[in-house]
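Everything below concerns the one structure shown next.
Only heavy atoms go into these numbers, but all of them, side chains included; no hydrogens, no water, no symmetry mates. All values derive from a computational prediction rather than experimental measurement. Just so you know, ligand 1 is whichever comes first in the structure, and atom 1 is the first atom listed for that ligand.
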Amino acid sequence: MTVVTHERFHPAETAEHGEHRPAAAATGAAAITLSGLEKSFGANRVLRGINLHIPAGQFVAVIGKSGCGKSTLLRILMGLDEPTGGDLRFEGADGSETGANARIVFQEPRLLPWLSVADNVAVGLGEGIEKRRAREEAKAVLAEVQLAEKAGEWPSRLSGGQRQRVALARALVSRPGILALDEPLGALDALTRISMQQLLNRVWRELGCTTVLVTHDVSEAVHLADRVIVLEEGRIALDLAIPFPHPRRHGNPDLAVLEGRLLSAILGGDGGH
Ligand SMILES: Nc1ncnc2c1ncn2[C@@H]1O[C@H](COP(=O)(O)OP(=O)(O)OP(=O)(O)O)[C@@H](O)[C@H]1O
Ligand SMILES: [Mg+2]
């Protein structure tokens, strides 16, 4: 196993007007620590001892072959499934143990067709919040995903990329400590995908939540993440830091080198072992 240090990278301002500030962990962002995490389904040992510390505010991408346990890992992080062994802990900014406060976005947006866009986003706030305030918060987060003008629209009248932005807004509206993304851009065409990657990167830099992105797209992983983890046969086969400032340009040769390294790790080449 190759372990590369993964200190948070603090680049200098990279754009004019200070528009692209580096990410800083949000106060609510949670650190995640997995120790010897195991998950079996009957005789199928899917996760076989995962040890991983994700500092608050870090953006981690998880890649690996189909069926290697990526979604299983996310489900456990979300509290949707129980590990069969090992331990997971979440820590707040002051180092004390907290609940996960995690939200997830899936490949399909899963919007409720009988609710407006704003009301779909407000679903992310749960019950017990006054309706008018919920709508206001929904509208604010819709502006963050550049969909303010669609607040009163029906989901059926949106494009695939717009629907996925609504799903992202619904996940973000409660200001989660952890944002989990399971192939969120997998169903989008190539151009929409690139603009959504830019949007995800900007939103992450602005909100600073700890983010775990599962993707099949190695290029997407190196463009968005501080760190890429390759899962193989239930273990971490490679843990690679991507120490470049955000936002990153497509066509950067340094990223292409890391992309090649990750691809050979997944496909069984030397992968830096
Ligand atoms: N609820 C379940 N019951 C039984 N087996 C399961 C369950 N969920 C997942 N598995 C098994 O766990 C393994 C990992 O599944 P998982 O969905 O985590 O893979 P993945 O890496 O997300 O794959 P993909 O890239 O295709 O989405 C598979 O062998 C799958 O059959
Ligand atoms: Mg999956």
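- Side-chain contact of N51 with S35: a donor-acceptor pair under 3.5 Å is absent, judged by distance alone.
- Under the 4.0 angstrom criterion for non-hydrogen atoms, H216 is in contact with ligand 1.
- Around the Mg ion (ligand 2), protein atoms of type N, O or S found under 2.8 Å number 1.
- Annotation: G67 places an N or O atom under 3.5 Å from an N or O atom of ligand 1; distance criterion only.
- For atom 26 (O) of ligand 1, the closest heavy atom belonging to the protein is S66 OG, 2.5 Å.
- Per-atom contact check: atom 30 (C) of ligand 1 does not touch the protein, criterion being a heavy-atom distance below 4.0 Å.
- There is no side-chain donor-acceptor pair under 3.5 Å between N252 and R248.
- On a distance-only criterion, C68 and ligand 1 share at least one N/O pair closer than 3.5 Å.
- In the hydrophobic clustering (ILVMFWY side chains linked at under 4.5 Å, chained through shared members), L112 is joined by W114, L115, V123.
- In this structure, atom 18 (O) of ligand 1 lies nearest to the protein heavy atom T72 OG1, 2.5 Å.
- The shortest contact between atom 27 (O) of ligand 1 and any protein heavy atom is with S71 OG, 4.0 Å.
- Nearest to atom 25 (O) of ligand 1 among the protein's heavy atoms is K70 NZ, 2.7 Å.
- With no hydrogens or angles considered, a side-chain donor-acceptor pair links E220 and T215 at under 3.5 Å.
- For ligand 1, one of its N or O atoms has an N or O atom of G69 under 3.5 Å away.
- Looking only at heavy atoms of the protein, atom 8 (N) of ligand 1 is closest to F41 CZ, 3.4 Å.
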